[in-house]
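Written below as structure tokens is the structure these notes are about.
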There are 2 protein chains.
Amino acid sequence: MAEVEVPDIVIGRLPIYLRALTLLSEAGQEFTSSLELGQKLGIGSAQIRKDLSHFGEFGKQGTGYEINFLRTQISKILKVDREWPIILVGFGGLGQAIAHYGGFASKGFHVDAIFDNDPDKIGQAVNGKTVQDTANLAQVVADNKIKMAIIAVPATAAQVVADQLVEAGIEAILSYAPITLSVPNTVRVQHIDPVVHLQRMTYYLD
Amino acid sequence: MAEVEVPDIVIGRLPIYLRALTLLSEAGQEFTSSLELGQKLGIGSAQIRKDLSHFGEFGKQGTGYEINFLRTQISKILKVDREWPIILVGFGGLGQAIAHYGGFASKGFHVDAIFDNDPDKIGQAVNGKTVQDTANLAQVVADNKIKMAIIAVPATAAQVVADQLVEAGIEAILSYAPITLSVPNTVRVQHIDPVVHLQRMTYYLD
DNA sequence: TAGATTGTTAATCGATTAACAATC
DNA sequence: TAGATTGTTAATCGATTAACAATC
């Protein structure tokens, strides 16, 4: 019998559930229900229960879900119950902002190396790390068995960088470059382009 | 006969099409086809034709689409054939990076006012603008008929800021805060949370 | 003309939702 | 026990895809 694949769209919602559960936990709440969670997230309770049912049974009739238990379970499913080293490519304005962003480490994502190909940037120090020449990228990835990378280079350079990352063995890329990257289907890519998000809203305005 | 609504998911793809068309245009190409565009974006050609068919007929059998014509049409549909003033709330590390980001203006999005409630930040100058007290927000939005806002404050403050924005008459919010905002359904919201994007990929890694 | 590609229809596929027995 | 809420089934809904006549 073939493994039943969990749809991408379900995996995509789990981090949102996790984020909401963490918030509730920090507020001191111990239990929640699919109804409450759904109302907070603006989605249906049935969808939450269906999504979770792909992975097991995590709740109890009548009382709902123990928040910290469910957090632990979703963290395991998503494999974020561990530390993930990441490399950052590009140390311009955006890259520097990412390097200084405090929100990654507490979620287990550690920017362990930073690369740029501008001689003026190579050698600069950022909280304990030194910006390296992109030429070193493959070596660092291999030596440290790194699987994730963030691209923060200009659009014109992004595809070349993506090719280098794939060649180096990177398996997941978060790209801030405003282009659609072409990579083998063994490599996962997520894009962040604020202009695209703004353009998704203007249609609904007058 | 009731208007047939164009699905959100179709609107969501148009900015991606626009971005790819702009790239082709900048590369000097004059015509493209749904097949070529689909291959560049990793989606089916039928989907592109179907999406466009919601708005009219933009191509020609045998030759495909004139790139600049299609760009103009999609720009009009998305209402990005005009200038959009935006306000930015939050002038911490992330807010500062956004304020300096050069990618908005060329697409017609102008950060016309910046707000923060930290006295140390109020009064700081950023390319011709001065960071203002959040108390002025409603006044500025009303005076300039501003409809879009970017939230770049900590998670703990984001919902309060969102409430203020809604109260002030803002109709579209791009939030960088790592929480799901609760707003009336007359207000559009888009979220950017890099941690969520990273967590959507770790599931697929070993 | 022959080849290419559109716009559209109908079929397929997949995701969401409603409903409810089970049970805490 | 009575009330609440789960996990799951089946129905509905909506999106994607394949196919092709039309036509440039």
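Chain identifiers are assigned alphabetically (A, B, ...) following the order of the sequence lines, protein sequences preceding nucleic acid strands; residue numbering begins at 1 within each chain. Note that the structure is a prediction, hence the values are computed from the model and not measured.
Side-chain contact annotation: Q29(B) with E36(B), donor-acceptor N/O pair under 3.5 Å present. R49(A) and S45(A) share a side-chain donor-acceptor pair at under 3.5 Å. There is a side-chain donor-acceptor pair under 3.5 Å between D143(B) and Q139(B). Between the side chains of Y204(B) and D8(A), at least one donor N or O lies within less than 3.5 Å of an accepting N or O.
Ion pairing of K76(B) with D81(B) is absent here, as no side-chain N (NZ or NE/NH1/NH2) approaches a carboxylate O to less than 4.0 Å.
For R71(A), the side chain to side chain donor-acceptor pair (under 3.5 Å) partners at least two apart in sequence or on another chain are T22(A), S25(A), N68(A).
Between the CD1 atom of I170(A) and the CG atom of L137(A) there is a distance of 7.0 Å, given to the nearest 0.5 Å.
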- Query: Where do R19(B) and D193(A) land on the salt bridge (charged side-chain N to carboxylate O under 4.0 Å, His left out) test, with the steps shown first?
  - Reply: CA-CA 10 Å; R19(B) 196 173 63 177; D193(A) 182 350; 2.9 Å; yes

- Does the pair W84(A) and T202(B) meet the rule for a side-chain contact (heavy atoms from CB on, under 4.5 Å), with working shown? CA-CA 9 Å; W84(A) 287 97; T202(B) 48; 3.5 Å; yes

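Residues from residues 28-46 of chain A placing a heavy atom under 4.0 Å of any atom in DNA chain D, listed by number, are S33(A), S34(A). Interface residues of residues 56-74 of chain A facing DNA chain D, ordered by number: E57(A), F58(A), G59(A), K60(A), Q61(A), G62(A), T63(A), G64(A), Y65(A); criterion, heavy-atom separation under 4.0 Å.
Ring geometry, Y203(B) versus F55(A): the interplanar angle exceeds 60°, so the pair is classed perpendicular (tilted spans 30 to 60°). In this structure, F104(A) and F109(A) have perpendicular ring planes: the angle between them is above 60°, well past the 30° mark.
Side-chain contact check for L174(B) versus I192(B): some heavy-atom pair is nearer than 4.5 Å.
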- Bracket notation of DNA chain C in which parentheses pair within the strand, [ ] cross earlier pairs, and | pairs with another strand (Watson-Crick or G-U, under 3.5 Å): ..||||||||||||||||||||||

Enumerate all atom pairs, one protein N or O and one N or O from nucleotides 13-16 of chain C, separated by less than 3.5 Å.
unit_1: dT16(C); atom_1: OP1; unit_2: R13(A); atom_2: NH1; d: 3.0
unit_1: dT16(C); atom_1: OP1; unit_2: Q47(A); atom_2: NE2; d: 3.4
unit_1: dT16(C); atom_1: OP2; unit_2: R13(A); atom_2: NH2; d: 3.0
unit_1: dT16(C); atom_1: OP2; unit_2: Q47(A); atom_2: NE2; d: 3.4
unit_1: dT16(C); atom_1: O5'; unit_2: Q47(A); atom_2: NE2; d: 3.0

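Among residues at least two apart or in separate chains, side chain to side chain donor-acceptor pair (under 3.5 Å) pairs with a member in residues 147-172 of chain B are Q159(B)-D163(B).
Whole-Å rounding puts the H54(A) NE2 to dT8(D) P distance at 11 Å.
Within the structure, every side-chain polar atom (N or O) of R49(A) is placed at least 4.0 Å from both OP1 and OP2 of dG7(D).
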